[in-house]
Amino acid sequence: MSLDSPALAPNRGCRDTPVLKERGQREVFCGLTGIIWLHRKMQDAFFLVVGSRTCAHLLQSAAGVMIFAEPRFGTAILEEKDLAGLADANTELDREVARLLTRRPDIKQLFLVGSCPSEVIKLDLARAAERLSGLHAPHVRVYNYSGSGIETTFTQGEDACLAAMVPTLASTTARELLVVGALPDVVEDQCLSLLAQLGIGPVRMLPARRAADLPAVGPETVFALVQPFLGDTHAALIRRGARHLPAAFPFGEEGTTLWLWAVAQEFGISRDHFDAVTAAPRARAAKAVAAHAATLNGKSVFFFPDSQLEIPLARFLARECGMTPLEVGTPFLHAAITGPDLDLLPEGPVISEGQDVDRQLDRQHAAAPDLTVCGLGLANPLEAQGHTTKWAIELVFTPVHFYEQAGDLAALFSRPLRRKALLSKGVAA
Ligand code: SF4
């Protein structure tokens with residue numbers, strides 16, 4: 001088996017498609033939701049949101065049953081007296097942090113996460129993080145980032161978190177590969193195993209599972225992103241002298257192969273060795289995807305903006321599952337990051353950035369797609385109107401990267417169509 005070159009010439013892709021830029025009412029999560037997966041990834045970190053009861057309720061509902069498992073996140077709730085300036089919010093914050101760190105001595109990294117209320121009252125959490133880092137060093141390092149809905153959309157919370165860590169990473173002159181983006185542990189292990197079999201190393205991860213494993217960064221660092229929503233982290237790493245390896249994202253058999261091949265070329269791995277290492281998992285992935293492509297082939301798909309995963313996922317659905325994307329909406333379009341996926345996405349769909357939800361709903365109704373990928377707030381109303389939907393949030397919470405998950409990724413899209421077919425048979429019977 002050998003590596004397929006992309007079948008489409010670049011001028012047939014979507015890199016040069018004019019982007020429909022929309023600004024209006026949005027139906028998206030704020031960046032606080034990133035805490036749900038980040039706290040599971042970073043096993044000695046705690047995320048302390050400085051916000052209101054609304055923020056606490058959002059986390060509780062987004063985390064579902066996880067809130068009963070003594071999670072490593074919480075909300076320091078700003079009371080009315082804080083908002084009115086009657087209490088010194090900084091003194092209260094210091095007291096809450098001291099209490100938390102005494103109770104949870106396992107915490108090595110503490111993130112003070114800004115919210116809309118803390119931004120609006122201009123609570124300076126960056127200075128608070130510096131002060132608290134000094135107070136609790138060397139045992140605990142305190143960081144700050146904003147997950148507020150005014151500044152961040154859903155997965156951007158992870159970007160803000162990682163970007164806040166980059167300036168504090170140690171310097172190195174070693175030539176290392178840095179893989180950037182939070183992956184579930186089982187997927188991270190698969191990624192590291194493939195890279196090791198290819199002979200690529202040393203490999204570091206950001207985020208690391210523990211503070212002691214945090215990577216160093218410098219002019220010989222090359223980094224590959226595994227998530228497309230890491231624009232600020234990408235910029236912060238480049239400021240530290242690291243070099244980005246642009247590649248399609250590792251979704252599906254083709255995406256994973258192209259991602260690994262971009263890294264392999266950088267490290268001088270021969271094509272023969274690459275093919276020998278990847279042949280078996282590629283074949284497994286292609287077979288697993290084919291089982292679902294039968295349902296998806298020839299169907300149209302419409303993406304509302306949600307996670308910034310939309311462009312690579314549309315590429316996967318178009319090229320490996322035979323779907324026709326009609327509109328691919330993304331909260332932000334970062335051409336340096338998603339360019340390789342845009343090159344591969346067959347021309348045709350509307351590429352939209354940002355949102356004006358009513359106008360987008362009008363376009364979705366007119367397009368009448370077979371499958372609509374959207375947030376939870378739109379899914380049930382659209383189902384009630386007879387549309388078939390896929391909740392976009394599952395794409396972030398489910399392991400979907402690399403070869404062994406390619407079939408599960410295709411299944412996430414085929415399941416709603418199969419369910420619809422089964423239910424309509426039931427109605428007909
Ligand atoms: S940060 Fe803002 S958008 Fe997010 S839950 Fe709190 S108030 Fe709502």
Side-chain angles (χ1 to χ4, degrees), residues 22-40 45-67 71-85 87 89-90 92-93 96-97 100 110-129 142-164 182 229-233 304-309 329-332 354-357 360 374-379 391-393 396-397:
E22 297 226 285
R23 297 288 175 267
Q25 195 182 329
R26 299 182 301 158
E27 289 273 347
V28 284
F29 281 119
C30 67
L32 293 188
T33 34
I35 293 171
I36 310 295
W37 62 88
L38 287 171
H39 90 279
R40 296 179 69 184
F46 192 98
F47 293 81
L48 184 65
V49 176
V50 182
S52 65
R53 283 183 208 284
T54 309
C55 310
H57 290 154
L58 170 94
L59 282 177
Q60 282 170 16
S61 48
V65 292
M66 271 185 226
I67 58 164
R72 279 171 286 97
F73 60 81
T75 310
I77 294 175
L78 292 164
E79 305 287 354
E80 272 172 27
K81 62 182 189 312
D82 299 310
L83 299 176
N90 283 308
E92 301 225 342
L93 184 62
E96 286 306 322
V97 166
L100 171 71
L110 175 67
F111 291 88
L112 302 179
V113 187
S115 66
C116 304
S118 72
E119 301 291 326
V120 167
I121 65 166
K122 299 268 178 279
L123 191 56
D124 191 344
L125 291 180
R127 280 194 37 206
V142 185
Y143 302 91
N144 154 252
Y145 73 90
S146 172
S148 90
I150 301 168
E151 288 172 294
T152 58
T153 297
F154 194 22
T155 47
Q156 266 190 303
E158 176 176 332
D159 187 27
C161 173
L162 301 190
F229 44 74
L230 298 172
D232 286 353
T233 310
F304 279 82
D306 202 68
S307 61
Q308 299 185 55
L309 295 172
T330 178
F332 300 97
Q355 189 169 43
D356 183 331
V357 71
Q360 197 165 28
C374 60
L376 284 169
L378 293 177
W391 296 350
I393 190 166
V396 174
F397 287 144

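All ligand and atom numbering here is 1-based and tracks the order in the structure. These numbers were taken from a predicted model, which means no experiment stands behind them.
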Original post:
Between E151 and S146, do the side chains contain an N or O donor and an N or O acceptor separated by less than 3.5 Å?
Top reply: yes
**OP:** Can you sort out which atoms of ligand 1 are near S148, meaning under 4.0 Å from one of its heavy atoms?
**Re:** 1 (S)
Subject >> Parallel, tilted or perpendicular: ring planes of Y145 versus F111, cut at 30 and 60 degrees >> reply: perpendicular
**OP:** Tell me whether the centres of the aromatic rings in F73 and H39 are closer together than 6.0 Å.
**Re:** yes
Subject >> Closest heavy-atom pair and its distance - A163, T233 >> reply: N-OG1, 3.4 Å
Subject >> Minimum-distance protein heavy atom relative to atom 5 (S) of ligand 1 >> reply: C55 CA, 3.6 Å
Original post:
Between the side chain of T152 and the main-chain N/O of G31, is any donor-acceptor distance below 3.5 Å?
Top reply: yes
Original post:
Any luck finding a side-chain donor-acceptor pair between E22 and Q360 under 3.5 Å?
Top reply: no
Original post:
Counting only heavy atoms, which portion of C30 has something under 4.0 Å from ligand 1: side chain, backbone, both, or neither?
Top reply: side chain
Original post:
Which ligand 1 atoms does G149 reach within 4.0 Å, using its non-hydrogen atoms?
Top reply: 1 (S), 2 (Fe), 3 (S)
**OP:** Please confirm if an N, O or S atom belonging to C116, backbone or side chain, lies less than 2.8 Å from atom 2 (Fe) of ligand 1.
**Re:** yes
Subject >> Distance filter under 4.0 Å to S115 heavy atoms, resulting ligand 1 atoms >> reply: 1 (S)
**OP:** Return yes when G51 approaches ligand 1 closer than 4.0 angstrom through a heavy atom, no otherwise.
**Re:** no
Subject >> Nearest protein heavy atom with distance in Å, relative to atom 8 (Fe) of ligand 1 >> reply: T54 CG2, 4.0 Å
